[in-house]
Enquirer: 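The structure is given below, and queries will be raised subsequently.
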Amino acid sequence: MSRPKRMVNRASRRAPIIESPSMSVVTRFAPSPTGFLHIGGARTALFNWLYARHHGGRFMLRIEDTDAKRSTREAVDAILDGLRWLELDWDGEVYYQSRRHARHIEAAQALLAAGKAYRCYCSPEELAQMRQTAKREGRSIRYDGRWRDRDPADAPANVDPVIRLKAPLDGETVIDDLVQGPVRVANSQLDDMILLRSDGTPTYMHSVVVDDHDMGVTHVIRGDDHLTNAARQTRLFEALGWKAPRFAHIPLIHGADGQKLSKRHGALGVDAYRSLGYLPEALRNYLLRLGWSHGDDEVIDTAQAVAWFDLDAVGKSAARFDFAKLDSLNSHYLREMAPEALVALVLPRLDDQSAVVRERLLQGIASLTQRIKTVDELVENSKFYSAGPAFPLTIPKAAKQLEGDGLVVLAELAERLSGLGQWNEESLEEAAKAHAQAREIGLGKIAQPLRAALTGSNASPGIFEVMRILGRNETLARLAAVPGIER
RNA sequence: GUCCCCAUCGUCUAGUGGCCUAGGACGCUGGCCUCUCACGCCGGAAACGGGGGUUCGACUCCCCCUGGGGACGCCA
């Protein structure tokens with residue numbers, strides 16, 4: 001596989017990833033269990049997985065369930081299921097952030113003891129008012145630090161305080177983002193974030209930092225809606241005296257309306273893609289190309305993706321989700337599957353799962369697969385191999401074939417077929433053509449009624465293939481079952 | 001409102017100062033093939049948001065504008 005010349009240039013241009021060989025990569029996917037694994041999360045997981053696999057590092061999974069009120073076991077299961085279906089295997093045990101509360105609290109207390117954090121006695125109402133005022137006056141909306149240097153003796157008696165980080169007021173925080181490049185944020189824009197809530201539980205912002213450090217995460221790859229969080233978190237890392245990981249904020253996936261795709265806004269869970277009939281490899285390929293590229297390559301299987309993937313080829317602008325392209329990739333991977341694998345997908349969803357049907361499918365599935373985009377369509381189009389069409393036909397165009405002349409032609413053909421010596425595609429086509437010639441009509445005038453009678457549809461694989469696979473008995477039986485034909 | 005990010009065909013993208021008459025893919029579309037629908041093959045329409053610079057030369061570098069997105073929670 002030769003790399004295009006330009007790819008080399010591109011790589012050498014941004015190339016900020018100069019790690020010592022001994023430094024092994026650790027990435028993590030850290031979803032919050034408040035719903036299914038949606039498509040954006042799936043891509044974030046994929047990129048983290050690919051980056052770790054490409055660099056021979058570790059890919060960890062951490063469930064961010066610090067919000068006990070909103071986290072559910074069902075959501076955790078849905079996320080795990082989704083990742084398994086996508087075949088994104090994680091290393092080691094699943095981390096549950098909630099189980100590490102003690103550690104998070106300890107870190108916050110240490111900051112407090114070191115004078116790098118402080119107690120804030122503002123009530124939620126007070127904060128809401130602060131925000132409102134700031135908004136009205138056109139200032140940025142953030143906590144004003146009123147308890148930052150206030151005498152603890154002023155503390156109201158029966159108010160449980162939150163613990164806030166005492167972050168630097170001046171200067172700026174620079175994130176040297178692996179995707180976005182250097183991003184500078186004035187420290188004056190960032191307020192003193194809450195580490196521990198008034199009930200003593202740690203916030204997400206704090207837990208993330210402690211966990212990423214403790215887990216040895218080297219690269220945080222996540223949606224760019226976290227970009228400003230990276231600045232906040234960097235300051236916490238500094239306060240704790242830890243080295244911050246490298247950040248890579250990948251652009252978000254937008255819906256057809258150009259807005260961020262989220263659980264509350266149009267995003268489907270990966271389970272929906274599964275039940276819609278998409279293959280995990282197709283979804284991975286599609287998601288990979290949303291924001292990442294390797295020259296003009298489009299069809300990239302997972303092994304190739306692992307070999308090629310790196311952060312320097314991740315684009316910076318948001319992408320819209322496009323089902324049409326997913327469809328085309330899905331049909332590509334479907335067509336590459338072995339008949340046995342395809343049948344294993346289809347047969348369980350058919351009414352008749354007998355050996356006879358299985359054998360028909362084995363023979364007919366390849367050409368069936370040429371005509372569909374999803375597994376669902378494949379199942380739908382395979383049904384005629386399982387059961388004969390019911391009459392009258394539900395498809396008007398097909399039903400029309402079984403009227404008048406069509407019916408006459410079929411009756412005559414049935415006669416001819418019953419006496420046919422060889423039953424293969426060549427002999428069948430020969431017989432049909434001979435009949436067409438005898439009646440001085442086009443082959444289509446015979447093939448279409450045949451198709452309707454045999455498959456119940458006006459579109460199907462080649463009709464002689466269908467007849468061959470169905471066999472003489474079944475073919476004749478189906479013809480005989482057509483209302484208006486007696487034999 | 002404040003801050004941050006982004007900007008090439010309808011969509012995903014290639015492009016890193018001359019290789020660009022801007023390439024590929026999906027979709028759309030004309031044709032061929034043909035028993036239907038597909039597949040396949042051949043062809044077509046389709047984009048650098050605008051304005052200033054820099055330069056011998058800008059899709060490419062800089063600035064402004066415009067447009068889009070994101071963040072501003074005791075959510076994650």
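Chain A is the first sequence line, chain B the second, and so forth, proteins listed ahead of strands; every chain is numbered from 1. Bear in mind the structure is a predicted one, so any value in this text is a computation, not a measurement.
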Enquirer: Could you check how far NE2 of A:H332 sits from P of B:G40, rounded to whole Å?
Expert: 11 Å

Enquirer: From CG of A:D327 over to P of B:C28, roughly how many Å is that when rounded to an integer?
Expert: 11 Å

Enquirer: Decide side chain to side chain contact (heavy atoms under 4.5 Å, CB included) for A:L227 and A:D177; before the verdict, give the C-alpha distance in whole Å, the side-chain angles of both, and the deciding distance to 0.1 Å.
Expert: CA-CA 9 Å; A:L227 196 49; A:D177 197 276; 4.0 Å; yes

Enquirer: Do any of residues 458-470 of chain A sit with a heavy atom less than 4.0 Å from RNA chain B, and if so which?
Expert: A:N458, A:A459, A:S460, A:P461, A:G462, A:I463, A:F464

Enquirer: Determine the contact category for A:R451: base if any of its heavy atoms lies under 4.0 Å from a base atom, sugar-phosphate if only primed atoms, P, OP1 or OP2 are that close, otherwise nothing.
Expert: base

Enquirer: Ring centroids only, cut at 6.0 angstrom: are A:H249 and A:F247 within range, meaning strictly under it?
Expert: yes

Enquirer: Base of B:C3, side chain of A:T228 - is there a donor-acceptor contact under 3.5 Å?
Expert: no

Enquirer: Do A:Y333 and A:D301 have side-chain heavy atoms sitting under 4.5 Å apart?
Expert: yes

Enquirer: To the nearest angstrom, how far is A:I194 atom CD1 from B:G73 atom C1'?
Expert: 8 Å

Enquirer: Among the nucleotides B:C4, B:C39, B:C75, which one has an atom lying closest to any side-chain atom of A:D67?
Expert: B:C75

Enquirer: For residues A:D376 and A:L276, determine if any side-chain heavy atom of one lies less than 4.5 Å from a side-chain heavy atom of the other.
Expert: no

Enquirer: Where the side chain of A:S32 is defined as all heavy atoms beyond and including C-beta, which of B:U36, B:A76, B:C3 is the nearest nucleotide?
Expert: B:A76

Enquirer: Quick one: do A:E412 and A:R416 make a salt bridge, cutoff under 4.0 Å?
Expert: no

Enquirer: Pick base, sugar-phosphate or nothing for A:D191, based on heavy-atom distances below 4.0 Å to the nucleic acid.
Expert: nothing

Enquirer: Which nucleotide sits closest to the side chain of A:E298: B:G24, B:C35, B:U2?
Expert: B:G24

Enquirer: Is A:V162 touching bases, backbone alone, or none of the nucleic acid, heavy atoms closer than 4.0 Å?
Expert: base

Enquirer: Checking contacts here: which listed nucleotide (B:C35, B:G10, B:C39) is nearest the side-chain heavy atoms of A:A447?
Expert: B:C35

Enquirer: Can you confirm whether A:S188 sits close enough to A:D170 that some side-chain heavy atom of one is under 4.5 Å from a side-chain heavy atom of the other?
Expert: no

Enquirer: Could you check whether A:C120 gets within reach of a base, just the sugar-phosphate, or nothing at all, counting any heavy atom under 4.0 Å?
Expert: nothing

Enquirer: For the residue pair A:Y278 and A:F323, does the interplanar ring angle fall in the parallel (under 30°), tilted (30 to 60°) or perpendicular (over 60°) class?
Expert: tilted

Enquirer: Checking contacts here: which listed nucleotide (B:C39, B:C3, B:C74) is nearest the side-chain heavy atoms of A:Q189?
Expert: B:C3

Enquirer: Is it true that A:Y273 and A:F321 have ring centroids separated by less than 6.0 Å?
Expert: yes

Enquirer: Could you tell me whether A:R184 atom CZ has more than 12 heavy atoms of other residues or ligands within 6.0 Å of it?
Expert: no

Enquirer: Looking only at side-chain atoms of A:R131, point me to the closest of B:G73, B:A76, B:G23.
Expert: B:G73

Enquirer: Which is more 5' along RNA chain B, the nucleotide nearest A:R197 or the one nearest A:A324? Just name the residue.
Expert: A:A324

Enquirer: With the six-membered base ring of B:A71 as reference, does the ring of A:H226 sit under 5.5 Å away with planes under 30° apart?
Expert: no

Enquirer: Base, sugar-phosphate, or nothing: which does A:G291 touch, judged by heavy atoms less than 4.0 Å apart?
Expert: sugar-phosphate

Enquirer: Does a side-chain N or O of A:K445 approach OP1 or OP2 of B:U36 to a distance below 4.0 Å, or not?
Expert: no

Enquirer: Taking CG from A:L290 and P from B:C26, how many angstroms apart are they, rounded to a whole number?
Expert: 16 Å

Enquirer: So which one's nearest nucleotide on RNA chain B is more toward 5', A:S328 or A:R289?
Expert: A:R289

Enquirer: May I ask you to evaluate whether A:T66 reaches the phosphate of B:A76, defined as a side-chain N or O under 4.0 Å from OP1 or OP2?
Expert: yes

Enquirer: To the side chain of A:A319, which of B:C35, B:C3, B:C12 is closest?
Expert: B:C12

Enquirer: Given B:U13, B:A14, B:A38, identify the nucleotide with an atom nearest to the side chain of A:D296.
Expert: B:A14

Enquirer: For A:A30, which residues count as a side-chain contact (heavy atoms from CB on, under 4.5 Å) partner, sequence neighbours excluded?
Expert: A:R28, A:R62, A:E64

Enquirer: Using a cut-off of 4.0 Å on non-hydrogen atoms, how would the nucleic acid contact of A:S367 be classed: base, sugar-phosphate, or nothing?
Expert: nothing

Enquirer: Where along residues 97-107 of chain A does a heavy atom fall under 4.0 Å from RNA chain B?
Expert: none

Enquirer: Could you check which of B:U11, B:G70, B:C6 has an atom nearest any side-chain atom of A:D225?
Expert: B:G70

Enquirer: A:R335 side chain: which of B:U36, B:C75, B:G40 is closest?
Expert: B:G40

Enquirer: Between B:C12 and A:K325, counting only base atoms on the nucleotide and side-chain atoms on the residue, is there a donor-acceptor pair under 3.5 Å?
Expert: yes

Enquirer: Between A:W292 and A:F47, is the gap from one ring center to the other below 6.0 Å?
Expert: no

Enquirer: Taking the side chain as every heavy atom from C-beta outward, state whether A:L378 and A:N381 have any pair of such atoms under 4.5 Å apart.
Expert: no

Enquirer: Please state how far atom NE2 in A:H249 lies from atom C1' in B:G70, giving the value in whole angstrom units.
Expert: 11 Å

Enquirer: Contact class for A:L252 (heavy atom, under 4.0 Å): base, sugar-phosphate, or nothing?
Expert: sugar-phosphate

Enquirer: Taking atom types as they are modelled, would you say the side chain of A:D224 forms a donor-acceptor pair with the base of B:A71 within the 3.5 Å cutoff?
Expert: no

